[in-house]
Amino acid sequence: MTAALEPKFIIETSERLQKRIAERFPGSGLLKVSAAVTKAAHEADQKSSDIAKAHLPLRTAVWVLAAALLAGVAFVFLRVSAAPGFSSAADLLQGVDAAANIVLLLGAGILSIAKLEENQRRKKGLAMVHDLKALAHVIDMHQLTKDPESISSESARTQSSPKRTMTQFELGRYLDYSSELLSMIGKIAAIYGRRLQDPVVLEAIDGAEDLATGLARKIWQKIAILGDRTGPRGA
């Protein structure tokens, strides 16, 4: 049996990661970002479920138009068949033409409303994925100046160099936390994919996961540079 992706486990993991960051780096910008990731994890399942729900006013309009279409077609044929002298092919064609006009007119209305619901769902889904991508870029911004080479005694600083106070161990933990936060972004995007089956939204979700993985790969390269110099990293 394939294990399902459970939102509650993703929420628990995100909350635990936030606590770990708070214990290591209280008051840091990374902690604020982790709080935003935890919030996104809490909201993902409910938001995607709300978007996936049927839009009742639009669905009602579709059913009303469908009923009007059937009633209109029935009315046309009943009227034509009940008309005095209804016997010729011309009378029949006249009825078919009237019925076709009704079908085309109301059918176009039904398709337009159905498309409107699809577009609204897609727009909301893409907006959520866009927020996730923006969050991934924020995480990446927080680790950009965390250069493993900067902790070397031989590294030369300039007047514009960012202030660096982390030890090798702290830098290693900071980079690890950043990569874990990006991994959480991918998991939250997958929650959206459970509910939203629109192909455009699913493609955007895949893009968000790829973005998070690509950004995390850059961090892993930094971690690899640190190597064993940091010693045991801890939690």
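This structure is a prediction, so every number in the text was calculated from the model and none was measured. If you read the sequence from its start, that first residue is 1, and numbering goes on from there.
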Handout entry: Lys/Arg cation over aromatic Tyr192: Arg194, 6.0 Å, 45° cone
Key = no
Problem - Nearest-0.5 Å distance that lies between atom CG in Leu31 and atom NZ in Lys19 - result: 12.5 Å
Exercise for the section: State, to 0.1 Å, how close Ser28 and Ile21 come at their nearest heavy-atom pair, and which atoms those are. Expected result: OG-CG2, 4.4 Å
Handout entry: Point-to-point distance, once rounded to the nearest 0.5 Å, from CG of Leu181 to NE2 of His142
Key = 10.0 Å
Fill in the blank from the handout: Between Ala208 and Val129 the two heavy atoms that sit nearest each other are CB-CG1, 3.9 Å
Exercise for the section: Output the distance between atom NE2 (His137) and atom CG (Leu144), rounded to the nearest 0.5 Å. Expected result: 11.0 Å
Exercise for the section: Starting at NE2 of His130, measure out to CG of Leu135 and round the result to the nearest 0.5 Å. Expected result: 11.5 Å
Completion exercise
Contacts satisfying salt bridge (charged side-chain N to carboxylate O under 4.0 Å, His left out) that involve residues 30-42 (not counting sequence neighbours) are none
Practice task
Using side-chain contact (heavy atoms from CB on, under 4.5 Å) as the criterion, list what pairs up with Ile11, not counting sequence neighbours.
Solution key: Glu15, Ala41, His42
Practice task
For atom CD of Glu12, decide whether the heavy atoms of other residues, nucleotides or ligands shown that lie under 6.0 angstrom number more than 12.
Solution key: yes
Practice task
Quick one: pull up CG in Leu17 and CG in Asp176 and give me the separation to the nearest 0.5 Å.
Solution key: 10.5 Å
Fill in the blank from the handout: Residues at least two apart in sequence or cross-chain that pass side-chain contact (heavy atoms from CB on, under 4.5 Å) with Ala136, listed by chain then number, are Leu182, Ile185, Leu211, Leu215
Handout entry: Partner set under side chain to side chain donor-acceptor pair (under 3.5 Å) for Ser14, not counting sequence neighbours
Key = Thr38
Handout entry: Minimum side-chain heavy-atom gap Arg173-Arg20 below 4.5 Å
Key = yes
Exercise for the section: Show your working on side-chain contact (heavy atoms from CB on, under 4.5 Å) between Ile188 and Val37 and close with a plain yes or no. Expected result: CA-CA 9 Å; Ile188 296 170; Val37 172; 4.0 Å; yes
Completion exercise
Between the NZ atom in Lys146 and the CG atom in Leu30, the distance rounded to the nearest 0.5 Å is 8.5 Å
Practice task
Quick one: do Arg121 and Asp198 satisfy side-chain contact (heavy atoms from CB on, under 4.5 Å)? Show the steps, please.
Solution key: CA-CA 8 Å; Arg121 184 179 293 117; Asp198 184 283; 5.8 Å; no
Exercise for the section: Keeping the roles fixed (side chain from Lys222, backbone from Gln143), state whether a donor-acceptor pair exists under 3.5 Å. Expected result: yes
Problem - Heavy-atom check, side chain of Pro7 versus side chain of Ile10, under 4.5 Å - result: no
Handout entry: Glu170 side chain to Thr167 backbone, donor-acceptor under 3.5 Å
Key = yes
Handout entry: Exercise: identify the closest heavy-atom pair between Val33 and Val138
Key = CG2-CG1, 3.7 Å
Fill in the blank from the handout: Contacts of Glu209 meeting salt bridge (Lys or Arg N to Asp or Glu O under 4.0 Å) (sequence neighbours excluded), chain-then-number -> none
Fill in the blank from the handout: For Lys218, the salt bridge (Lys or Arg N to Asp or Glu O under 4.0 Å) test, sequence neighbours excluded, returns Asp140
Problem - Any side-chain heavy-atom pair of Ser34 and Tyr177 under 4.5 Å - result: no
